[in-house]
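Taking it in order: structure first as structure tokens, then the write-up.
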Amino acid sequence: MSEERSLNFLEQIVEEDIAKGVNGGRVLTRFPPEPNGYLHIGHAKSICLNFGLAQKYNGQTNLRFDDTNPVTEDTEYVDSIKADIKWLGFEWKDELYASDYFEQLYQFAVQLIQKGLAYVDDSSAEQIAAMKGTPTEPGKDSPYRSRTIEENLRLFEEMRNGVYKDGEKVLRVKGDMASPNMHMRDPLMYRIKHAHHHRTGDKWCIYPMYDFAHGQSDSIEHITHSICTLEFVPHRPLYDWFIEKLEIFPSHQYEFARLNLNYTVTSKRKLKQLVQEGIVRGWDDPRMPTISALRRRGYTPASIRAFCERVGVQKRDNIIEVSLLEYFIREELNRTANRVMAVLDPVKLVLTNYPEGQVEELSAENNPEDPSAGHRIVPFSNTLYIEREDFMENAPKKFFRLAPGQMVRLKYAYIIKCDSFDKDADGNITTIYCTYLPESRSGGDASGLTVKGTIHWVSAAQAVTAEVRLYDRLFKVDDPNSEEGDFKDYINPNSLQVIENAYIEPSLASAKPGDRFQFLRKGYFVADPDSTPEKLVFNRTVTLKDTWAKEAAKG
RNA sequence: UGCCCUAUAGUAUAAUGGUAGUACGACAGAUUUUGGUUCUGUUUGUCUAGGUUCGAAUCCUGGUAGGGCAACCA
């Protein structure tokens with residue numbers, strides 16, 4: 001917070017406005033989602049921006065649902081959006097709905113008709129589209145464009161009163177069909193939809209278009225800085241036009257470039273498709289880029305806020321690397337997550353010189369980055385599980401783990417030496433036999449030996465089994481949006497790997513959903529809400545950086 | 001071929017007419033009872049051509065490239 005940073009272009013605008021005394025120095029922003037889907041990482045940027053800007057300049061932020069299209073909206077989405085914003089750590093001033101303004105917006109429309117600036121059009125959607133022209137050719141005036149004010153007033157009222165069916169009539173701006181800006185070519189203001197609205201019920205059968213609701217909603221709330229994404233730049237002249245003709249509070253819109261992440265899609269339409277077609281398990285499937293999925297994946301609000309802060313605010317298109325997001329969650333979890341041992345792909349290891357049946361209680365440091373995290377007890381015995389990949393029958397020189405004749409330290413315990421191993425008929429290693437060095441015990445090592453490698457383990461008799469879900473990127477290409485064909489063709493078929501029976505140390509048995517850990521050498525994990533008293537379920541939030549894997553991949 | 005927005009290392013972002021810097025990534029090394037962390041070092045950039053200026057990433061003009069705009073979606 002106190003870190004010195006140059007101002008982004010929106011902060012500059014706000015500071016200039018404050019300096020000039022615009023709006024008496026008042027700052028009021030708003031976050032305006034449509035409740036037709038779950039919030040994603042791109043929205044997080046907008047939330048951090050809108051709420052953060054207001055916070056920084058002693059202002060406030062309204063939460064306003066732009067609910068002008070009853071057929072796509074639902075209270076399920078309203079609830080999830082509110083929960084996500086709160087979880088991210090922000091508080092809104094007022095919870096508002098564009099639908100709160102339906103009567104006011106209707107009156108605005110009447111005023112424009114009275115001024116001769118709007119008309120009722122009987123043309124079909126296809127006819128209107130055909131008369132619109134193209135970006136390089138002007139459009140044509142509708143044959144209904146010259147109706148009298150009185151007739152327009154009567155027809156619009158009849159539209160409201162349910163006299164007409166869906167699509168029979170619309171209310172349009174009397175703009176300029178030759179404008180180089182397509183949005184000024186008699187844009188629609190109202191359409192007829194005999195549909196049930198999640199808040200207004202069946203009170204209305206005409207609904208304002210977004211373009212006729214958004215700017216005026218900002219104006220009604222006296223929003224000082226209305227911040228949205230770049231695709232609305234060409235709409236701004238229309239919003240300004242409405243404000244000018246209606247002579248209402250002049251909110252100003254400013255546009256920034258939306259956030260894009262590589263290897264992911266952030267389009268509500270596409271995300272909804274992934275959910276509805278069962279490609280993921282739901283909006284909060286940890287592979288999704290939604291806020292609720294990131295939460296379930298184990299991301300923290302602070303890490304997402306830090307990411308959004310780092311990404312900055314600009315007007316140029318951008319695709320951020322996922323590694324930046326991962327950096328921030330690793331950075332936080334390294335400081336805060338307790339270390340534990342979990343063996344995901346177990347192979348049995350027997351210490352032939354350790355007394356059968358003896359159980360030693362070893363002290364294990366919870367977090368080397370945070371001494372105040374204390375210690376815990378980990379049981380040790382002659383039969384352990386270690387990670388299958390930590391043993392190689394024929395190891396290359398730089399392999400610092402177990403191999404016949406090679407020594408390694410068992411974390412928090414002893415140095416061991418591999419003597420032999422068993423294989424089954426298929427050539428899989430079934431048991432590894434080692435001897436331990438009694439004088440090498442952690443904390444009191446008198447062996448005089450140093451070994452290159454330290455591996456994690458769990459004691460077989462005391463181990464608890466758990467399900468572990470390993471996630472990888474959902475798409476196998478960098479930029480799924482720019483690829484040919486259907487974006488779903490580029491889904492990574494290995495984005496989820498479920499390990500039914502991982503062995504975890506007994507101290508983990510009491511973990512509660514939402515508890516975060518570092519599984520030593522494996523990554524950061526969070527207990528999933530699917531956990532039951534019988535079986536814990538863990539999600540891998542992110543791997544640790546793994547320079548050995550990188551080395552090994554080089555061949 | 002109309003209008004609008006944009007262009008700085010691989011990615012993102014500073015420098016607001018005066019030494020092109022930071023973060024992530026990558027690479028190399030040191031430390032390490034996590035091949036983690038930490039530390040050190042290295043690498044790579046102003047789209048292009050003109051103009052203004054003592055001086056241009058910055059201002060102007062042309063070009064090039066990318067993006068947006070023609071839903072009764074938002």
Side-chain angles (χ1 to χ4, degrees), chain A residues 5-8 12 32-34 36-37 66-69 71-73 121 124-125 128-130 132-139 166-172 178-185 188-193 206-207 209-211 213-214 228-237 255 257 259 262 268-269 310-321 323-328 330-331 334-335 339 341 365 368-369 398-401 408-413 415 440 442-443 445 450-456 518-523 543-552:
Chain A
R5 266 190 93 88
S6 50
L7 301 178
N8 66 47
Q12 287 179 31
E34 187 195 11
N36 69 344
D66 276 338
D67 54 351
T68 55
N69 186 1
V71 302
T72 60
E73 294 153 8
D121 196 335
S124 68
I128 289 175
K132 204 88 176 185
T134 70
T136 52
E137 303 162 48
D166 287 9
E168 238 180 300
K169 286 182 164 48
V170 290
L171 184 70
R172 298 178 73 179
S179 171
N181 181 344
M182 298 297 290
H183 297 277
M184 299 304 285
R185 317 233 280 221
L188 270 59
M189 296 162 61
Y190 269 91
R191 75 287 217 196
I192 300 169
K193 277 181 192 281
I206 57 171
Y207 292 92
M209 298 292 290
Y210 173 85
D211 275 352
H214 190 83
C228 66
T229 45
L230 248 28
E231 68 267 30
F232 293 104
V233 170
H235 300 239
R236 177 162 23 94
E255 308 87 5
L259 176 148
N262 64 4
K268 268 198 231 174
R269 202 196 93 246
R310 225 332 161 178
V311 152
V313 183
Q314 253 309 330
K315 297 181 81 159
R316 53 186 104 104
D317 294 332
N318 60 81
I319 302 180
I320 315 283
E321 293 178 346
S323 62
L324 187 64
L325 220 205
E326 293 179 338
Y327 165 79
F328 283 104
R330 283 194 188 108
E331 195 271 332
N334 177 51
R335 283 184 283 112
R339 275 61 170 169
M341 295 196 287
E365 184 179 35
E369 305 297 318
K398 279 158 75 180
F399 186 77
F400 304 144
R401 308 178 188 182
V408 81
R409 174 172 291 281
L410 295 174
K411 182 75 177 173
Y412 313 124
I415 293 175
S440 67
S442 284
D445 188 340
T450 52
V451 291
K452 276 284 219 177
T454 300
I455 64 171
H456 61 280
Q518 183 192 112
F519 287 2
L520 218 61
R521 304 205 301 134
K522 299 309 297 181
T543 60
L544 256 28
K545 281 211 272 184
D546 190 346
T547 51
W548 166 247
K550 213 181 279 182
E551 182 73 26

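Order of the sequence lines fixes the chain letters, A, B, ..., with proteins taken first and strands second; residue numbering starts at 1 for each chain. Only heavy atoms go into these numbers, but all of them, side chains included; no hydrogens, no water, no symmetry mates.
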Calculate the interatomic distance between [X] atom [atom1] and [N] atom [atom2]; express it in whole Å.
| X | N | atom1 | atom2 | result |
| --- | --- | --- | --- | --- |
| A:Tyr210 | B:C73 | OH | C1' | 11 Å |
| A:Leu544 | B:U32 | CG | C1' | 14 Å |
| A:Ile319 | B:U6 | CD1 | P | 19 Å |
| A:Leu520 | B:U33 | CG | P | 14 Å |
| A:Glu137 | B:C69 | CD | P | 18 Å |

Check your understanding: If you check every side-chain atom of A:Phe399, which of B:C73, B:G35, B:U6 has the closest atom?
Key -> B:G35

Study note, to complete from the structure: CG of A:Leu325 to CZ of A:Arg310, rounded to nearest 0.5 Å, is 14.0 Å

Under 4.0 Å between a side-chain N or O of [X] and OP1 or OP2 of [N]?
| X | N | result |
| --- | --- | --- |
| A:Thr68 | B:A74 | yes |
| A:Arg339 | B:U34 | no |
| A:Lys452 | B:U33 | no |
| A:Arg236 | B:C5 | no |
| A:Thr547 | B:G36 | yes |
| A:Lys411 | B:G35 | no |
| A:Lys398 | B:G35 | no |
| A:Lys169 | B:C72 | no |
| A:Arg191 | B:A74 | yes |
| A:Arg316 | B:G68 | no |
| A:Arg310 | B:C24 | no |
| A:Lys132 | B:C69 | no |

**Study point:** Short side-chain to backbone donor-acceptor contact, A:Glu73 and A:Asn69, under 3.5 Å
**Key:** yes

Exercise for review: Please work out which of the three classes, parallel, tilted or perpendicular, describes the rings of A:Phe232 and A:His214, given edges at 30° and 60°.
Suggested key: parallel

Any strand counts, and the cut-off is 3.5 Å on both contacts for Watson-Crick or G-U wobble. Which nucleotide pairs with [N]?
| N | result |
| --- | --- |
| B:U31 | none |
| B:C3 | B:G68 |
| B:U44 | none |
| B:A49 | B:U61 |

Gap in Å between the two [atom1] atoms, one belonging to [N] and one to [M], rounded:
| N | M | atom1 | value |
| --- | --- | --- | --- |
| B:U61 | B:A23 | C1' | 36 Å |
| B:U11 | B:C4 | P | 28 Å |
| B:G45 | B:A9 | P | 9 Å |
| B:A49 | B:G10 | C1' | 27 Å |

